[in-house]
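Inspection log for the structure reproduced underneath, given as structure tokens.
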Amino acid sequence: MLNNTNATSRVNVMTLDTQAIAELVPVALLIVIANGLVLVLFARRKKLRTAPNYVLFSLAVCDFMTGIINIPLFIIIAFTPVITSLEFRYYMAVLVSVLNNLTAISACYHILAATTEKYLSIIWPVTHRLMTRKTVIKVLQVVWVASCIVAFIPFAWVDMEDAGTQANLKVGYVIFCIVAVFLLPYAFMIYAFVVIFKSIYNQRKTKGSIFSRPHVSRQAAMEKRCLILFASMATIFLICWLPWFILMLLYKVMYNVEELELPAHVFVLVRYATSITNPVLYTFFRRDFNKALKSLFKSKRLRRFSSPLFSRGSDTSEPVVNLVDEIAV
């Protein structure tokens, strides 16, 4: 089964689980490809390197880690006999659980940071103008440091001999994560979304003549589209990760956990879905990323058709030159 809620329960597994590997590998590949594309776009298109987009770049790094580190480690530790030392497998199982928590916590705080930036840009525009690239980078540093601190807390009791105290600490940690990663951030995000939507609606209602101007109306539509994007990202994250943390809590407090095997099997895959949907959402629904993506593929096609294979010395040079001209237009 694909359950790693009780990570240490699988440290004695020494068989190869091909079914689990077959389910996880395609997910990891999709995550790496989708987020790798975002990283390439950000590296090759200077226009994308705006202060708000640095939050999305950092989120893509977080999601990329899930596909390139978390899932491969999870596969090696839980579903292969590669590591034969039980003690080492135990510590690695704890590390995998911590890294999954790290990317989950970091992703939530990134969405919170993006929502806060949009909230300031609409509700407090004067304050938002003072926000520079350096300011955003400092905020992202805080996000990563806070995420690391919260995620690595379980190592404090990994070698604790008192099993009862250790069990209580695990329950307290999961409850803390539910409050600090979901309840508090989402309380603010829901408030911010409501306030922003009201602000946009009121501006449209009270300044109808102004919004009739094409450029102002277009700007308002872009703000609304961006807000819907972040709201969608927050909703998908909540749907994918909150049930997993609730399952973790149930595993800690329930005596008979066999009935949790099926939902755990489902949500161990579903929780990774956010690492795929995030890059897809802001690549195709944010105009700047979408434009950069089309520009990248267009330049690739132009480079392919203008390769030495179609040089002037060949019989097909004229048609290809014409084709390149048509594409460029």
Side-chain angles (χ1 to χ4, degrees), residues 1-25 27-28 31-32 62 64-106 144-178 180-181 241 244-269 271-272 275:
M1 294 293 282
L2 285 177
N3 170 29
N4 77 330
T5 306
N6 188 2
T8 59
S9 66
R10 293 194 56 92
V11 296
N12 60 343
V13 175
M14 293 296 179
T15 58
L16 187 68
D17 191 337
T18 55
Q19 179 183 350
I21 295 173
E23 291 176 352
L24 286 166
V25 168
V27 176
I31 291 172
V32 170
C62 175
F64 189 80
M65 283 176 53
T66 298
I68 204 72
I69 298 176
N70 294 12
I71 297 179
L73 275 180
F74 180 34
I75 292 173
I76 292 171
I77 300 303
F79 306 112
T80 70
V82 174
I83 300 175
T84 56
S85 170
L86 293 180
E87 183 179 2
F88 185 61
R89 285 170 69 90
Y90 168 76
Y91 287 110
M92 289 300 295
V94 176
L95 177 62
V96 168
S97 179
V98 165
L99 289 176
N100 280 323
N101 289 343
L102 170 62
T103 51
I105 295 166
S106 179
W144 279 104
V145 170
S147 301
C148 287
I149 292 173
V150 175
F152 278 85
I153 287 177
F155 274 109
W157 55 75
V158 69
D159 288 324
M160 187 174 291
E161 295 181 0
D162 189 342
T165 303
Q166 187 184 57
N168 291 333
L169 288 172
K170 288 179 179 179
V171 172
Y173 174 71
V174 176
I175 294 174
F176 171 77
C177 284
I178 291 175
V181 179
W241 275 102
W244 175 254
F245 277 90
I246 292 174
L247 279 170
M248 287 177 64
L249 181 60
L250 293 176
Y251 265 93
K252 300 295 188 295
V253 299
M254 288 180 61
Y255 179 76
N256 184 12
V257 296
E258 290 183 0
E259 57 191 34
L260 298 178
E261 287 293 322
L262 180 58
H265 180 91
V266 172
F267 280 101
V268 77
L269 290 171
R271 62 179 177 166
Y272 292 132
S275 296

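If you're wondering where the values come from, they're calculated on a predicted model, not measured in any experiment.
- The two atoms that bring S106 and S147 nearest to each other are CA-OG, 3.3 Å, heavy atoms only.
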Going through the checks in order, is the side-chain contact (heavy atoms from CB on, under 4.5 Å) test met by K170 and Q166? CA-CA 6 Å; K170 288 179 179 179; Q166 187 184 57; 3.9 Å; yes

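- Interatomic distance, OG1 of T66 versus CD1 of I31, reported as 6.0 Å (0.5 Å rounding).
- We find the CE-CD1 distance between M92 and I76 to be 7.5 Å, quoted to the nearest 0.5 Å.
- Of the possible polar contacts, none joining the Y90 side chain to the S85 backbone as a donor-acceptor pair under 3.5 Å is found.
- Checking side-chain atoms of T103 against main-chain N and O of L99 turns up a donor-acceptor pair under 3.5 Å.
- For the pair P154 and V150, the tightest heavy-atom approach, listed with the atom from each and the gap, is CD-O, 4.2 Å.
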Step by step, work out the side-chain contact (heavy atoms from CB on, under 4.5 Å) result for T165 and W157. CA-CA 9 Å; T165 303; W157 55 75; over 6 Å; no

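- Taking CD1 of I77 as the reference point, atom OG of S97 lies at 12.5 Å (rounded to 0.5 Å).
- Separating the CH2 atom in W241 from the CZ atom in F267 is a distance of 12.0 Å, to the nearest 0.5 Å.
- In this structure, the separation between CG on N70 and CD1 on I75 is 11.0 Å, given to the nearest 0.5 Å.
- Contact between A264 and W244 at its shortest, heavy atoms only, is O-CZ3, 3.9 Å.
- Not a single donor-acceptor pair under 3.5 Å links the side chain of R89 to the backbone N or O of T84.
- Partner of V174 under the side chain to side chain contact (heavy atoms under 4.5 Å, CB included) criterion, out of L249, L247, L169, N101: L249 alone.
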Check the pair L269, L24 against side-chain contact (heavy atoms from CB on, under 4.5 Å), reporting the backbone distance first and the verdict last. CA-CA 7 Å; L269 290 171; L24 286 166; 3.7 Å; yes

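- Residues D159 and Y91 form a side-chain contact, since some pair of their non-hydrogen atoms from C-beta on lies under 4.5 Å apart.
- Shortest non-hydrogen contact noted between P72 and G67 is CD-O, 3.4 Å.
- Counting heavy atoms from C-beta on, the side chains of L16 and F79 never come closer than 4.5 Å.
- Using cut-offs of 30° and 60° on the angle between ring planes, the pair F152 and F155 is parallel.
- Note that CE of M248 and CD1 of I175 are 11.5 Å apart. Values are rounded to the nearest 0.5 Å.
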